[in-house]
Amino acid sequence: TLKELLPALINWGNKLDHILRLLISHILDSAEHCPPLSGVEGSVESHLRVLGEQERWNLDILLRILADLLPHVHQKAIETCPFSSVSESNGPIFSSSVLELYAGGHVEWPAFEWMHVDCFSGLIQLSCLLPQKEDSLRNRTTKFLLAVSERFGESYSTHIMMPVFLVAVGDAADFTFFPPNIHSRIRGLKPRTAVAERLAVLGILPLLLAGVLGSPGKREQLADYLRKLLVEGAMKENQSITHNNDIVNAVRFLCTFEEHHSLIFDILWEMVVSSNIELKIGAANILKVIVTYVDAKVASTHVLPALITLGSDQNLKVKNASIDAFGAVAQHFKNDMIVDKIRVQMDAFLEDGSHETTMTVVRSLVVALPHTTERFRDYILDFHIFQLTSMPAFATDGMSRRQRANVFCEAICAVDATDITANSIRDFLLPSIQNLLRDPDTLDPAHKEALEIILKERSGGTFDALSKVMGAHIGIPSSMTSIFGEGGLLGKKESTAPTSPVGSPRAGASSGHGLAPEDTRFMRIMRVTDMLRGKAKSQEETHQNQ
């Protein structure tokens, strides 16, 4: 259809203009008819759309059609050029001299104007409707823009494309090569409200970086613009965390194109070795999100050295930002050399001994638990959960103690959702739970309930014996009755398989064979996840009511 029917239809009907108008209209309608991300009127999320599978597929096809029509648009612009010098020239068709003639505004050139007046405007509107996760559609749009730069030439890209997208993100632009009659339409793309400004950073800035400045001939301009965003921007006062995160996301999207990696790492090293704290934190935040798009070699030679440098910084905020990034690296790579470097660095962080650093280390490693190697998982369970829960709390105030308990509860729930050995269950998981239950007043009720469920399921038939060993100080008899009794959460009568001691293969097999056959590990994960999700939802509702 795209390669044969569409070109035949254009040649037969000679209605390219009509097809182009309908195409842009359908692209916008397909997105606008989807429900908003949020029902809160006036919020950024109320402008973004939740795309269904069918709508996403429709948009992808429409953007592919647009790309396939590009040669026809280009050819028609050449054929309808009102300047005789174009046909006589042997150089680029849309050279600076031709654009200067066009800017005079003495003649009309609608076939040429359609691209930067109607098409770019439509794509800009679309980009402001797409949430962050729609990278595939953003990627399709970027490739179209790169194809426009390649086909229309460097002069068009510099003097026409760049000003349109610079205005759309709220920056100043040079209108020298635009005829006066379309100045107002291009200036109308500038965001006028705070919501529009954020939508521009979320949706249009990634296209400017990857689709316009990302063309092969603009490496220097891209480097200058990135330094303006990341270096000069970080030094500005009163920059919100939200704005900084949106900038990081735009750079993340740029990293989906491998040809820009070396440039980005050059700028990141400038930030890492800077004396400015905000620049270092910004570098760590970017390193955290771009590890998904690099291979093990790049991670070893660029990402880890930068993070190790940041991790040795004396500023606690810089150090903690690097810890989060180390967790992201551990999540994405199972390479032994990378994992060993992360272990050494995490141990060094724990030697710091501060409550905040310890909590940051545990949180960052929890993220990696489902994706890392069995050896690293056992290391996390032993050295970062069991040993730390066995130690007295560093903090004496109630809030810090509760934070510590809840962080370890979340870590244990994450471990429970993975395949761990019988020995690890017996030696580390169950004792860690016991350590936390010894101080029940510090536990969130939902977390406490989740721990008790895990303890019952992982201990198999030895639960009663365990509760006696643990002693009355953890309140097992009273607290468990409400959960495991007749009317409790797990009090439903089920046919159970024969039980075994904690250390036996049957009890320790992490698929939960000590329970009813249908009570699979997946069901256990979902039950704990739903419990924690309900806790998060109640906290969010409380925050909104306040």
Side-chain angles (χ1 to χ4, degrees), residues 272 277 280-281 284-285 287-288 291 299 303-397 399-416 418 420 424 427-436 438-439 442 447:
V272 167
I277 300 300
K280 293 181 179 182
I281 294 173
N285 292 336
L287 289 165
K288 177 182 176 180
V291 294
V303 177
L304 285 178
L307 289 179
I308 290 171
T309 303
L310 292 170
S312 62
D313 197 275
Q314 296 304 307
N315 185 279
L316 189 60
K317 290 183 178 179
V318 175
K319 182 176 294 187
N320 288 346
S322 74
I323 293 173
D324 285 338
F326 272 113
V329 177
Q331 181 181 359
H332 288 98
F333 295 101
K334 296 182 179 181
N335 179 288
D336 286 341
M337 184 178 69
I338 292 176
V339 170
D340 288 342
K341 286 183 178 180
I342 294 173
R343 287 179 58 174
V344 170
Q345 197 63 35
M346 290 301 183
D347 290 343
F349 288 137
L350 290 177
E351 289 177 5
D352 173 87
S354 72
H355 167 78
E356 187 175 347
T357 300
T358 301
M359 295 302 95
T360 306
V361 167
V362 175
R363 283 197 189 99
S364 68
L365 291 178
V366 165
V367 175
L369 272 170
H371 312 281
T372 191
T373 63
E374 181 180 329
R375 186 166 69 94
F376 192 54
R377 194 179 297 135
D378 287 343
Y379 158 77
I380 295 171
L381 182 55
D382 180 4
F383 291 94
H384 293 273
I385 297 179
F386 170 62
Q387 291 192 21
L388 290 174
T389 56
S390 302
M391 296 168 61
F394 298 120
T396 56
D397 61 290
M399 182 176 295
S400 295
R401 286 172 60 218
R402 284 191 295 273
Q403 181 194 35
R404 174 183 180 274
N406 288 334
V407 166
F408 282 117
C409 285
E410 291 166 5
I412 287 172
C413 289
V415 171
D416 182 57
T418 64
I420 48 178
S424 294
D427 297 337
F428 305 128
L429 181 65
L430 295 179
S432 297
I433 296 174
Q434 295 172 34
N435 291 336
L436 291 174
R438 287 195 179 96
D439 194 4
T442 63
H447 281 154

Any chance you could measure [X], atom [atom1], to [Y], atom [atom2], to the nearest 0.5 Å?
{"X": "T418", "Y": "H371", "atom1": "OG1", "atom2": "NE2", "answer": "11.0 Å"}
{"X": "L436", "Y": "T389", "atom1": "CG", "atom2": "OG1", "answer": "5.5 Å"}
{"X": "C409", "Y": "R402", "atom1": "SG", "atom2": "CZ", "answer": "13.0 Å"}
{"X": "I412", "Y": "L381", "atom1": "CD1", "atom2": "CG", "answer": "8.0 Å"}
{"X": "F376", "Y": "L365", "atom1": "CZ", "atom2": "CG", "answer": "5.0 Å"}
{"X": "L307", "Y": "K319", "atom1": "CG", "atom2": "NZ", "answer": "14.0 Å"}

_With no hydrogens and no angle check, just 3.5 Å: does a side-chain donor-acceptor pair link D324 and S364?_
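Side-chain D/A pair, D324 to S364: absent.
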
Non-hydrogen side-chain atoms of [X] and [Y] separated by less than 4.5 Å:
{"X": "K280", "Y": "V272", "result": "no"}
{"X": "L310", "Y": "I281", "result": "no"}
{"X": "N335", "Y": "V339", "result": "no"}
{"X": "M359", "Y": "F408", "result": "yes"}
{"X": "T358", "Y": "F349", "result": "no"}
{"X": "D313", "Y": "S322", "result": "no"}
{"X": "R363", "Y": "V407", "result": "yes"}

For the backbone of [Y] and the side chain of [X], can you confirm whether one donor and one acceptor N or O come within less than 3.5 Å of each other?
{"X": "N435", "Y": "P431", "value": "yes"}
{"X": "T360", "Y": "E356", "value": "yes"}
{"X": "R404", "Y": "H355", "value": "no"}

*Applying ring pair (Phe, Tyr, Trp, His ring centres under 6.0 Å), name anything that partners F428, two or more places apart in sequence or on another chain.*
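Result, ring pair (Phe, Tyr, Trp, His ring centres under 6.0 Å) vs F428: F386.
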
_For D340, is there an ion pair with R375 - N to carboxylate O distance below 4.0 angstrom?_
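Yes, this pair counts.
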
*Let me see the working for L304 and F326 under side-chain contact (heavy atoms from CB on, under 4.5 Å), right down to the final yes or no.*
CA-CA 8 Å; L304 285 178; F326 272 113; 3.7 Å; yes

Minimum-distance pair of heavy atoms, taken over all atoms of [X] and [Y]:
{"X": "A284", "Y": "A325", "value": "O-CB, 3.7 Å"}
{"X": "V366", "Y": "A414", "value": "CG1-CB, 3.7 Å"}
{"X": "A299", "Y": "I338", "value": "CB-CD1, 4.1 Å"}

*Partners passing side chain to side chain donor-acceptor pair (under 3.5 Å) against D347 (at least two apart in sequence or in another chain)*: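 Partners of D347 under the side chain to side chain donor-acceptor pair (under 3.5 Å) test: Y379.
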
